[in-house]
A.B. asks: 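The structure follows.
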Amino acid sequence: MDLYDSLNPQQCEAVRHFEGPLLILAGAGSGKTRVLTHRIARLIEEKGVNPWNILAITFTNKAAGEMRERVEQMLGSVGSVWVSTFHSTCVRILRRYIDLIGYGTNFTIYDGDDQKTVIKEVCKHLQIDTKIFRERGFLNAISAAKDELVGPEEYAQKVEGDLRLQKTAQVYREYQARLKSSNALDFDDLICKTVELFQRVPEVLESYQERFRFILVDEYQDTNMAQFRLVSLLASKYRNLCVVGDDDQSIYKFRGANIGNILNFEEDFPDAKVIRLEQNYRSTQSILDTANEVIRHNEGRKSKTLWTANPDGEKVKFRQFMNGFEEAEYVAETIAGKMRGGEWKYGDCAVLYRTNAQSRLFEEKFLLANIPYKIVGGVNFYARKEIKDVLAYLKTIANAEDDLAVRRIINVPKRGIGAASIGHVQEYAIARGIGFFEALKNADKIPGVGRTGLKMRGFVDLIRTFRSKAEFFTVKELIEDVLNVTGYVKELEAEGTEEADERIANIDELLNKAASFDEEFGGEEESGEQSGRSLLDRFLEEVALVADIDDFVENPDHVVLMTLHSAKGLEFPVVFLVGMEDGLFPSYLSISSEDPMDLEEERRLCYVGITRAKRELTLTCARQRMVRGDVHYNRVSRFVEDIPDEMLVKQESAPEPRQAERPARAQNQTAYQQARDAFRAKVFVPQQFQVKKARTLDYGVDDRVRHVKFGDGIVKDIVEGGRDYEVTVEFDRVGQKKMFASFAKLEKI
DNA sequence: GGTTGGAAACTTTTT
DNA sequence: GTTTCCAACC
């Protein structure tokens, strides 16, 4: 058996380890997935462990899918090895036993939007002024409490004395009560309700302990307290727990990840074996040196130094630009240049940034340069309005208790059921302690509803019809039927706007996903865990737990744009790490935070970014950047300053590639190039004005001037400011306006 | 009950 | 700069 041939000694040791706790500290690119898959293969093949007894947990579906695939490649089918994410593992357990702690097993899962809706209603109900107490704050606090396994009651006890926290406790309690009455769980609940189940019903815990005799956890540095407890409970009987992680890549503290879980593993499991994987197989020496220099500045880490047998490669490049436009343009042109060279494909390149908002500039430039690209993240596909609408129909059909879904679609498309009537029904429902849909059935008896009751009756019948069809329809057929009967797509078609077209395209995409789901699971005999659950239920569940990154496929030939967080676990030959500016990355919040750990987390994020690169890495930044409409002047990121000069190729922002290519372009001006030049002119003119400060004005007080948007008017006042003139104009049509001369481009008439 | 315009919030990262 | 939300009108 050549299981060990391709492994280095440390990897071998990790694979060979059989029973007892094992901590694998795996540096970036050190082949941890390979170790995990080999370990699973060895347990089954050499140690005769029943695949049924193995549980492998990851954070994303993508990681889970990859691992399953790789194990299958080694062993053939591994149908019964349980490889899945924390969240879907918990859902599978809860679908089976959650009735033991008072929920229905057909519970729905609320996403972030749903949570926000509930919080809003709670605030209204408790008469909390959301101008003073922000909804977001409540949600964060509740999520943090759940991460720590603190329930509403315990929370209320803990916060005595502090008014703000007491409000939070009130909101928490009401929020949780509403979720329960809707038979819904939020993401955090999935974990903590599973823990609660295990603690309250020892028999269930025991059965899973028996089943999962060997547990492997990936990305262990990102586990929070609740997840840690979950794993500990499961592993406490056989203690065959193998965790893999890298404290230097812990970047989810904001989400409750507790870096202590990995740093203290040896205390929690004193007999743990610890193995370090320090050989990197991914990057060149230059890239690795850079990464080591950056992360070296962090305190409180398990010391390790990555090394590689790979060649030095090219030095890491660093460039600073005047503004974000030039930065994006440089990246676009550099990528275009690489394509002409023939050595690289689009798919080899990735642009990584700190915040999603940065993607727009790159998107614009890539469009103009005809560079195929894909943006990962931003608005999750399943969070889009049209998708949520369709899914709300499906949820209503599947789970009558999901109030949120029912209320979402009761008037979509318009049925003449307005907010007032909905309010009456809801009051009725709350007063009687029944669900919203249940109340709807009695609509004609509810005071204040009046004739709308008839329309509500119609809606109830509609849903009933769908329900009976759902018994024998595939998911795709059901969605199509909903769209046809309700006229949802027709309404969009009638709009005829670009936006409506995009929504229709998204719905088509959803139909495709439904079709492939039907194909994959439709014919399948319902097996153990899933028995008694309809295809529709399972579809909704799958859809509730996917992240945008999960749909990311490596092969297609397009440049990928994503946040540093999304990029974790991925690798690319050519990486552009953009926006390396103090205030953006590290973020302003982390710089001004009292807790130095916040800055360390940003530095780890930077480390993650650098180590995504296999062959070439370019760091860029801009001197001035538009943030929320106004200009910020940023210094070069301190992380770049951490890197010794001699390790970087620094180039000042002289735009030589552009000049070099000009002549060629002039000869062969295509339509798109003209369009691009026009766009460039449009974009850059205001920038020039800004720099030039409009020294002289060709109009004065009392002159008549013309404005592009406001029309004609009379100049009332001109005030000289620091670097511009503030002009007050009395317009004929729109009245008095104040504006800056360099932006307003007023014309004397 | 629906439409529209203006104000306000947002931008750190997400299963 | 963009999106979301709410109030005032139709």
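Letters go in sequence order (proteins before strands), and every chain restarts at 1. Atom set for the values below is all heavy atoms of this structure, side chains included, hydrogens, waters and symmetry mates excluded. Here the structure is a predicted model, which means the values were calculated and not measured.
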A.B. asks: Output the rounded distance in Å from CG (A:Leu545) to P (B:dT14).
C.D. replies: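 Between P of B:dT14 and CG of A:Leu545: 17 Å.
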A.B. asks: Does a salt bridge link A:Glu581 with A:Arg635, judged by any charged N lying under 4.0 Å from a carboxylate O?
C.D. replies: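 No salt bridge links A:Glu581 with A:Arg635.
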A.B. asks: Between B:dT15 atom P and A:Met225 atom CE, what is the distance in whole Å?
C.D. replies: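 That distance rounds to 23 Å.
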A.B. asks: Taking 5.5 Å and 30° as the limits, would you call A:Tyr252 and the base of B:dT13 a stacked pair?
C.D. replies: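 Taking the rule of under 5.5 Å and under 30°, the ring of A:Tyr252 does not stack on B:dT13.
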A.B. asks: Picking from B:dG2, C:dC5, B:dG1, which would you name as closest to the side chain of A:Lys414?
C.D. replies: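 Out of B:dG2, C:dC5, B:dG1, the nucleotide with an atom closest to A:Lys414's side chain is B:dG2.
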A.B. asks: Take atom NZ of A:Lys253 and atom P of B:dT15, then tell me their distance rounded to the nearest Å.
C.D. replies: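 My rounded result for the distance is 20 Å.
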A.B. asks: Phosphate oxygens OP1/OP2 of B:dC10: is one of them under 4.0 Å from a side-chain N or O of A:Asn356?
C.D. replies: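 Checking A:Asn356 against B:dC10: no side-chain N or O falls below 4.0 Å of OP1 or OP2.
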A.B. asks: Could you give the distance from CG (A:Asn298) to CG (A:Leu599), rounded to the nearest 0.5 Å?
C.D. replies: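 It is 8.0 Å, given to the nearest 0.5 Å.
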A.B. asks: Is there a side-chain polar atom (N or O) of A:Ser587 under 4.0 Å from OP1 or OP2 of B:dT11?
C.D. replies: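 The answer is no; no side-chain N or O of A:Ser587 sits under 4.0 Å from OP1 or OP2.
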A.B. asks: Would you kindly give the CZ-to-C1' distance between A:Phe187 and B:dT15, to the nearest whole Å?
C.D. replies: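 Spelled out: CZ on A:Phe187 to C1' on B:dT15 is 6 Å.
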A.B. asks: Verify the distance criterion only: is there a donor paired with an acceptor across the side chains of A:Ser88 and A:Thr85 at less than 3.5 Å?
C.D. replies: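 Side chains of A:Ser88 and A:Thr85: pair found under 3.5 Å.
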A.B. asks: Can a side chain N or O of A:Ser566 be found less than 4.0 Å away from OP1 or OP2 on B:dT14?
C.D. replies: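 For A:Ser566, the contact criterion (side-chain N or O under 4.0 Å from OP1 or OP2 of B:dT14) is met.
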A.B. asks: Say whether A:Asn261 and A:Thr223, considering side chains only, have a donor N or O and an acceptor N or O under 3.5 Å apart.
C.D. replies: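 A:Asn261 vs A:Thr223: donor-acceptor pair found between side chains.
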A.B. asks: Out of B:dT15, B:dT14, B:dG1, which nucleotide sits closest to the side chain of A:Thr452?
C.D. replies: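 So the side chain of A:Thr452 is nearest to B:dG1.
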A.B. asks: Are OP1 or OP2 of C:dC5 and a side-chain N or O of A:Lys120 less than 4.0 angstrom apart?
C.D. replies: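 It does, given that an N or O in the side chain of A:Lys120 lies less than 4.0 Å from OP1 or OP2 of C:dC5.
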A.B. asks: Nearest whole Å is fine: how far is B:dT14 P from A:Gln221 CD?
C.D. replies: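 The answer, rounded to whole Å, is 16 Å.
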A.B. asks: Taking atom P of B:dG1 as reference, at what distance in whole Å does atom CG of A:Asn411 sit?
C.D. replies: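 The distance from CG of A:Asn411 to P of B:dG1 comes to 9 Å, rounded to the nearest Å.
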A.B. asks: Report the nucleotide, chosen from C:dG1, B:dT13, B:dT15, that has the shortest atom-to-atom distance to any side-chain atom of A:Arg360.
C.D. replies: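 Minimum distance to the A:Arg360 side chain belongs to C:dG1.
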A.B. asks: Would you say the ring centroid of A:Tyr588 lies under 6.0 angstrom from that of A:His632?
C.D. replies: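 No, too far apart.
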A.B. asks: Starting from P on C:dG1, measure out to CD on A:Gln624 and report it in whole angstrom.
C.D. replies: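 So the CD-P distance, A:Gln624 to C:dG1, works out to 14 Å.
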A.B. asks: Nearest heavy atom decides the nucleotide; on that basis, is A:Ile417 or A:Leu589 closer to the 5' end of DNA chain B?
C.D. replies: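 This one resolves to A:Ile417.
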